[in-house]
**Student:** 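Before I ask anything, here is the structure I am working with.
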Amino acid sequence: MIKNKFTMTLQSRSFNESFVRAAVAAFVLQLDPTLEEISDIKTAVSEAVTNCIVHAYKEKLGNIYITAEIYDDNLLKLKIRDKGCGIENISKAMEPLFTTVGGERAGLGFAVMQSFMDTIKVRSAVGKGTTVYLTKKISQRFNVNG
Amino acid sequence: MSVEINVTGEVVTAYLSGELDHHTAKEMRQAIDAAIELNMPTLVILDFKGITFMDSSGIGLVMGRYRLLQKTGADLHITETPPNIYKVFRLSGIEKLAKLESR
Ligand SMILES: Nc1ncnc2c1ncn2[C@@H]1O[C@H](COP(=O)(O)OP(=O)(O)OP(=O)(O)O)[C@@H](O)[C@H]1O
Ligand SMILES: [Mg+2]
């Protein structure tokens with residue numbers, strides 16, 4: 001059962017990278033995550049949002065749609081969506097070190113999301129956009145009543 | 001975000017602080033590269049003690065500096081890396097290019 005949810009839409013401005021990951025981290029606090037879990041989630045969110053800005057919309061402005069949901073058993077589900085250029089070959093794009101932008105990009109964004117979250121699913125259509133689904137179960141540390 | 005540069009002999013140390021992401025990486029890169037060009041070091045140390053957040057943009061920054069330094073054969077060290085940043089570096093296999101030390 002869903003226990004809480006927030007959605008937001010922002011412009012693809014690079015300043016918003018830090019804003020989105022801070023907002024998601026603050027939302028997740030209700031699950032009493034460890035510092036490591038917060039850091040993992042912030043890093044994964046930053047990767048997905050940066051990809052919308054750098055790849056999906058390139059230098060143009062577009063909207064980024066974020067949804068965060070909390071389910072039973074401390075399950076966090078995140079959705080990061082853009083209406084940008086889309087990905088032609090998703091499995092190739094997700095390979096470590098694969099990048100279509102040379103120079104200063106490592107090609108490790110998807111590898112980071114994969115390693116820092118429990119599951120990742122990517123849906124994309126060329127010319128229509130991309131949605132990244134991420135989930136992570138937050139550890140239940142103390143058995144607090146309620 | 002800030003970069004402080006210290007030059008001692010042939011060693012350039014860049015003390016990085018704040019959040020390292022796609023938004024801040026460019027300014028950090030420009031500060032580091034300016035110091036490299038000016039001083040022609042044989043060793044560059046990137047000190048991550050003050051970095052509170054880093055995503056793969058930070059890995060790209062280090063890889064780019066490694067490539068730049070290869071032209072002159074200079075070494076690259078990453079020091080004082082906080083645990084959450086260290087975790088991102090470990091995933092990248094950056095140790096093959098630069099000496100990596102945790103805090
Ligand atoms: N939202 C997106 N829209 C369009 N293309 C994307 C999107 N996300 C990723 N891609 C494509 O997938 C490739 C791999 O993405 P990934 O995040 O793994 O690496 P990167 O962004 O190139 O480099 P890094 O994340 O290490 O800075 C990108 O180079 C890009 O071609
Ligand atoms: Mg990326």
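In what follows, chains are A, B, ... by sequence order, proteins preceding strands, each numbered from 1.
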**Student:** Could you go through B/Met54 and B/Ile59, starting from their C-alpha distance and side-chain angles, then the distance that decides it, and tell me whether this counts as side-chain contact (heavy atoms from CB on, under 4.5 Å)?
**Tutor:** CA-CA 8 Å; B/Met54 185 186 88; B/Ile59 302 169; 4.3 Å; yes

**Student:** Between A/Arg105 and B/Ser57, is the side chain to side chain donor-acceptor pair (under 3.5 Å) condition met? List the steps.
**Tutor:** CA-CA 6 Å; A/Arg105 308 238 67 89; B/Ser57 303; 2.9 Å; yes

**Student:** Considering non-hydrogen atoms only, spot the tightest contact between A/Lys3 and A/Asp72 and give its length.
**Tutor:**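 Closest approach of A/Lys3 to A/Asp72, heavy atoms only: CE-OD1, 3.2 Å.
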
**Student:** Surrounding CZ of A/Phe6 (heavy atoms of other residues, nucleotides or ligands, distance under 6.0 Å), is the total greater than 12?
**Tutor:**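 More than 12 within 6.0 Å, yes.
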
**Student:** Report, in residue-number order, which members of residues 75-82 of chain A are under 4.5 Å from chain B by heavy-atom distance.
**Tutor:**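 Listed by number, there are no contacting residues, so the answer is none.
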
**Student:** Contact part of A/Ser46 toward chain B, heavy-atom cut-off under 4.5 Å: side chain, backbone, both or neither?
**Tutor:**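 Both the backbone and the side chain of A/Ser46 come within 4.5 Å of chain B.
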
**Student:** Please name the pair of heavy atoms, one in A/Ile66 and one in A/Val20, separated by the smallest distance, quoted to 0.1 Å.
**Tutor:**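 Reported closest heavy-atom pair: CD1-CG1, 3.8 Å.
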
**Student:** Does A/Leu35 have more than 12 heavy atoms from other residues, nucleotides or ligands lying within 6.0 Å of its CG?
**Tutor:**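 Open.
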
**Student:** Chain B heavy atoms under 4.5 Å from A/Leu97: which part of the residue, side chain, backbone, both or neither?
**Tutor:**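 Answer is side chain: those atoms of A/Leu97 sit under 4.5 Å from chain B.
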
**Student:** Hydrophobic clusters join Ile, Leu, Val, Met, Phe, Trp and Tyr when side-chain heavy atoms are under 4.5 Å apart, directly or via other members; which others share one with B/Val11?
**Tutor:**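 Its cluster mates, by chain and number, are B/Leu43, B/Ile45.
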
**Student:** For atom CD of A/Gln30, decide whether the heavy atoms of other residues, nucleotides or ligands shown that lie under 6.0 angstrom number more than 12.
**Tutor:**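 Counting neighbours around CD of A/Gln30, more than 12 heavy atoms of other residues, nucleotides or ligands fall under 6.0 Å, so yes.
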
**Student:** Using a heavy-atom cutoff of under 4.5 Å, enumerate the residues of residues 27-36 of chain B that contact chain A, numbered in order, or state 'none'.
**Tutor:**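 Answer by number: B/Arg29.
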
**Student:** Side chain, backbone, both or neither: which part of A/Arg21 has a heavy atom under 4.5 Å from chain B?
**Tutor:**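 Interface part for A/Arg21: side chain.
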
**Student:** Could you look at B/Lys26 and say if it's the side chain, the backbone, both or neither that has a heavy atom under 4.5 Å from chain A?
**Tutor:**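 Contact with chain A is absent: no heavy atom of B/Lys26 under 4.5 Å.
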
**Student:** Is B/Val88 close to chain A through its backbone or its side chain, or both, or neither, when contacts mean heavy atoms under 4.5 Å?
**Tutor:**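 Contact with chain A is through both the backbone and side chain of B/Val88.
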
**Student:** Considering only heavy atoms, which portion of A/Asp40 lies under 4.5 Å from any heavy atom of chain B: side chain, backbone, both, or neither?
**Tutor:**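 Side chain only.
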
**Student:** Is there a donor in the side chain of B/Thr24 and an acceptor in the side chain of B/Glu19, or the other way round, less than 3.5 Å apart?
**Tutor:**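 No pair is found: no donor N or O on one side chain lies under 3.5 Å from an acceptor on the other.
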
**Student:** Taking all heavy atoms of B/Gly64 and all of A/Glu104, pick out the closest pair and write down the distance.
**Tutor:**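 Where B/Gly64 meets A/Glu104 most closely, the heavy atoms are CA-OE2, 4.0 Å.
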
**Student:** I need the contact set between residues 106-137 of chain A and chain B: heavy-atom distance under 4.5 Å, sorted by residue number.
**Tutor:**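 So far as heavy atoms go, A/Ala106, A/Leu108, A/Gly109, A/Ala111, A/Val112, A/Ser115, A/Phe116 are the residues that approach chain B to under 4.5 Å.
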
